[in-house]
Amino acid sequence: MFGKLTLDSIPFHEPIIMVTVAVIALIGAGGVGWISFNRKWAYLWNEWITSIDHKKLGIMYFLVALIMLIRGFSDAIMMRTQQAMAAGGAEGYLPPEHYDQIFTAHGVIMIFFVAMPMVIGLMNLVVPLQIGARDVAFPFLNNLSFWLFTAGVILVNVSLFVGEFARTGWLAYAPLSEATYSPGVGVDYWIWALQISGIGTTLTGINFFVTIMKMRTRGMTLFRMPIFTWTCLVANVLIVAAFPILTATIALLTLDRYLDFHFFTNDLGGNMMMYVNLIWAWGHPEVYILILPAFGVFSEVISTFAKKRLFGYNTMVWATLSIGILSFVVWLHHFFTMGAGANVNAFFGIMTMIIAIPTGVKIFNWLFTMFRGRLEFTSPVLWTLGFIITFTLGGMTGVMLAVPAANFVLHNSLFVIAHFHNVIIGGVVFGMMAGYTFWFPKAFGFTLDEKWGKRSFWFWITGFYLAFTPLYILAFYGAVRRMQSYANPEWQPLMIVAWVGAVLILCGILCTAIQLYVSIRDRRDNRDVTGDPWNGRTLEWAVPSPPPYYNFAHLPEIHSIDSFWEDKQKTQGKAQLANPETIKYSDVHMPRNTVAGPVIGAFSIVLGFALVWHIWWLAGVGAFGIFAAFIARIFNDNTDYYVPADEVKRIETEHHNQLQLQMQA
């Protein structure tokens with residue numbers, strides 16, 4: 001009746017896991033108790049869980065990402081501690097099978113459930129505001145995408161205490177991920193967590209592509225869009241093109257494991273190299289799906305805090321488009337050593353070197369934007385400056401790996417790990433932290449504490465160099481990836497330095513948590529009434545903070561790239577002080593909240609869990625629940641409403657009165 005699921009599936013014999021589960025259970029129980037005591041369940045359901053407001057969904061994406069950052073970084077600390085201990089024959093404290101699960105979970109969580117939701121969260125919060133839209137093109141799909149992503153998050157975390165996670169590495173290379181070599185349920189958790197959340201990501205890509213192409217406000221041509229919106233547009237094109245490859249690849253692996261097909265085995269005509277090609281045909285565009293929006297964040301931050309128009313706007317756009325195209329012709333550099341041949345290796349090596357050119361163009365554009373600008377050294381600017389230095393170094397090591405001969409020496413070494421973290425931490429994480437600090441007041445109406453934000457930055461960047469510079473060095477001494485222990489005791493001092501770096505990064509994460517606490521505590525002192533705390537240049541700063549649920553009372557009209565900035569200069573910043581009593585308002589058409597999204601997400605968890613454990617009747621329940629909720633949504637005609645003009649006028653008048661009080665104070 002319960003398939004493979006037995007009481008032995010719960011790892012009672014693993015004290016680390018059981019203590020972790022107990023802590024999670026206590027925190028969860030405390031959260032449920034607090035919500036129940038304060039009678040907030042109805043508020044959560046109506047205002048957040050069923051919300052189709054792109055701003056609230058963006059906040060929820062980012063919140064889940066921050067929670068998963070704690071989980072993923074806990075795995076990193078455990079790995080670094082193990083490697084600092086397990087030298088010269090010592091086994092450390094993590095057995096090999098547990099260590100293998102940890103490094104697999106770390107990679108999966110950090111890419112799929114930290115970096116991706118941070119990017120999508122900022123995209124949700126900012127893009128509709130930047131293009132002057134009231135919401136995304138398909139608000140229901142936006143809600144559904146979030147809950148499918150959340151279903152994947154829950155399945156990954158369930159694997160912690162019911163069964164196991166994959167021991168294959170984060171990309172689950174075949175044939176190691178085939179049933180012959182991974183007979184447990186770990187790979188199945190990997191399959192269904194990624195498959196369900198990946199469908200949500202694909203829907204997000206379609207949604208935002210249509211939103212940007214079809215819902216820009218009057219006068220906003222493509223070459224008047226903010227650079228962040230441009231980078232998000234290209235990233236979503238990559239999502240639409242690349243994620244179906246991942247979906248198909250995982251589907252083929254699923255057929256291998258569940259129905260004894262042989263797509264990726266040497267038996268019966270299969271080919272394991274097909275898996276590697278398919279997974280990296282998705283995997284390398286995925287890197288640019290993450291980094292391009294971060295590039296957009298840095299562009300907005302630098303132009304805002306340098307108080308200058310972004311240098312070389314057109315070249316930034318074309319560089320972004322070039323990166324998007326080239327990202328699909330570089331995937332084979334991930335397996336130069338697998339016998340593709342000199343001609344193939346040369347082509348992909350050259351393409352990889354060429355993709356560094358548009359990236360370099362962007363860096364020079366940021367430097368020229370800062371040149372002779374009145375740059376304010378706020379925490380978003382510090383994250384940006386840290387990125388320019390760190391990512392440039394990471395890019396140079398990437399060009400080294402693009403040389404097939406060098407790759408033969410460095411492949412599968414800690415050099416690759418150091419390079420990858422160089423660009424992901426120095427690029428994506430720094431970019432998301434800059435965006436988090438920059439747009440936080442837009443989401444919540446008060447700024448983050450600068451002191452703790454700068455402390456977080458300095459811990460992060462110092463910890464990063466201490467954590468990963470030793471790995472570059474160790475690679476040249478022969479240290480390889482995925483080591484649970486090592487025989488050479490001379491490596492241990494550098495491993496300890498790397499562990500110290502990881503602890504400093506942990507301090508940076510703690511500083512971010514303290515920053516959030518202090519900022520909420522002092523929110524009245526840090527309140528932003530104007531909606532424009534940084535004297536910004538793009539349309540999101542034209543609305544109150546936080547914005548009303550309809551975003552714009554009147555859809556704006558723009559005439560140039562920096563139209564909002566230019567209008568502020570013409571009116572000396574008084575445009576927002578126009579008296580609402582003299583303005584005529586119209587009813588605003590808006591979508592209603594949806595129950596279908598969270599219900600489909602909940603049944604997706606049931607379906608995924610049942611398929612992992614081969615509980616076929618429960619899988620039927622999950623599939624039927626998804627189908628029924630979807631059909632109910634299709635036949636639901638009550639999906640939109642109009643905000644009365646009087647209500648719009650009341651909200652706008654209230655904001656105007658707050659501005660007047662601020663000006664008088």
Side-chain angles (χ1 to χ4, degrees), residues 47 53-56 58-59 62 122 124-126 128-130 132-134 226 300-301 303-305 307 374 376 378-381 434-453 515-556 558 562-583 585 588 643 645-665:
E47 296 296 326
D53 187 337
H54 67 93
K55 301 176 290 296
K56 290 182 177 179
I59 291 167
F62 215 95
L122 286 185
N124 262 285
L125 176 65
V126 177
L129 293 170
Q130 281 199 337
R134 291 203 167 103
E300 303 293 347
V301 167
S303 61
T304 298
F305 289 107
K307 299 179 177 61
R374 300 186 300 278
E376 298 176 58
T378 59
S379 52
V381 170
Y436 164 72
T437 311
F438 186 60
W439 281 304
F440 186 93
K442 178 52 56 183
F444 294 102
F446 59 93
T447 56
L448 286 168
D449 184 85
E450 274 289 285
K451 179 175 66 176
W452 283 103
Q515 178 194 33
L516 185 59
Y517 166 76
V518 170
S519 302
I520 293 172
R521 184 194 66 191
D522 301 337
R523 61 188 179 277
R524 297 186 187 278
D525 299 330
N526 301 325
R527 195 176 176 202
D528 167 41
V529 178
T530 66
D532 188 15
W534 314 125
N535 196 16
R537 308 181 74 86
T538 44
L539 282 178
E540 73 269 27
W541 306 111
V543 296
S545 298
Y549 51 92
Y550 51 78
N551 289 352
F552 298 91
H554 295 97
L555 294 181
I558 70 164
D562 285 329
S563 190
F564 173 60
W565 171 266
E566 292 165 3
D567 289 345
K568 285 196 296 184
Q569 307 314 304
K570 291 175 186 175
T571 62
Q572 286 79 46
K574 296 179 181 178
Q576 295 188 61
L577 293 175
N579 190 348
E581 298 296 334
T582 64
I583 300 173
Y585 293 98
V588 176
V643 182
D646 289 343
E647 175 67 7
V648 176
K649 183 175 182 179
R650 183 191 66 77
I651 294 171
E652 296 298 316
T653 301
E654 184 177 321
H655 173 58
H656 175 265
N657 293 339
Q658 290 177 346
L659 275 176
Q660 291 281 33
L661 290 172
Q662 177 85 353
M663 295 292 290
Q664 293 169 8

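Note: hydrogens, waters and symmetry copies are ignored here, and every other heavy atom, side chains too, is used.
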Legend entry - From Arg537 atom CZ to Gln130 atom CD, the distance as rounded to the nearest 0.5 Å: 13.0 Å
Inset, instruction - Please step through ring pair (Phe, Tyr, Trp, His ring centres under 6.0 Å) for the pair Phe440 and Trp534, ending with a clear verdict. - result: CA-CA 11 Å; Phe440 186 93; Trp534 314 125; over 10 Å; no
Legend entry - Lys451/Asp449 salt bridge by N-O under 4.0 Å criterion: no
Inset, instruction - Say whether, by atom type as modelled, one donor and one acceptor occur between the side chain of Glu450 and the main chain of Thr378 under 3.5 angstrom. - result: no
Inset, instruction - For the pair Leu125 and Glu540, evaluate side chain to side chain contact (heavy atoms under 4.5 Å, CB included) and give the outcome as yes or no after the intermediate values. - result: CA-CA 9 Å; Leu125 176 65; Glu540 73 269 27; over 6 Å; no
Inset, instruction - Could you grab the distance from atom CD1 of Ile520 to atom CZ of Phe446, nearest 0.5 Å is fine? - result: 5.0 Å
Inset, instruction - Compare every heavy atom of Gly58 with every heavy atom of Asn124, then report the nearest pair and how far apart it is. - result: CB-CA, 3.5 Å
Inset, instruction - With rounding to the nearest 0.5 Å, note down the distance linking CG in Leu516 to OH in Tyr436. - result: 4.5 Å
Inset, instruction - Return the set of residues passing ring-ring contact (aromatic ring centres under 6.0 Å, His included) with Tyr550 (not counting sequence neighbours), or none when no residue passes. - result: none
Legend entry - Interatomic distance, Thr447 atom OG1 to Phe438 atom CZ [nearest 0.5 angstrom]: 13.0 Å
Legend entry - Considering all heavy atoms, the nearest Tyr585-His554 contact: CD2-CE1, 3.5 Å
Inset, instruction - Output yes when a side-chain donor or acceptor of Arg134 lies under 3.5 Å from a complementary backbone atom of Leu129, and no otherwise. - result: no
Legend entry - Non-hydrogen atoms of Pro441 and Asp528 that approach each other most closely: O-OD2, 4.4 Å
Inset, instruction - Decide side chain to side chain contact (heavy atoms under 4.5 Å, CB included) for Ile651 and Tyr549; before the verdict, give the C-alpha distance in whole Å, the side-chain angles of both, and the deciding distance to 0.1 Å. - result: CA-CA 10 Å; Ile651 294 171; Tyr549 51 92; 4.2 Å; yes
Legend entry - Expected output: side-chain Arg527 to main-chain Gly445 donor-acceptor under 3.5 Å: no
Inset, instruction - State whether Glu647 and Arg650 are salt-bridged, where the test is any N-O pair (Lys NZ or Arg NE/NH1/NH2 against Asp/Glu carboxylate O) under 4.0 Å. - result: yes
Inset, instruction - Please report the closest heavy-atom contact between Thr530 and Leu659, naming both atoms and the distance. - result: CA-CD2, 3.6 Å
Inset, instruction - Report the distance from atom NZ of Lys442 to atom CG of Asp532, rounding to the nearest 0.5 Å. - result: 7.0 Å
Legend entry - Side chains of Asn551 and Lys55 in contact at under 4.5 Å (non-hydrogen atoms): yes
Inset, instruction - May I ask you to test the Val543-His655 pair for a side-chain heavy-atom distance under 4.5 Å? - result: no
Legend entry - Presence of salt bridge, Lys307 and Glu376, under 4.0 angstrom: yes
Inset, instruction - First locate atom CZ of Phe564, then atom CH2 of Trp541, and finally report the distance between them rounded to the nearest 0.5 Å. - result: 9.5 Å
Inset, instruction - State, yes or no, whether a side-chain contact exists between Glu300 and Pro380 at a heavy-atom distance under 4.5 Å. - result: no
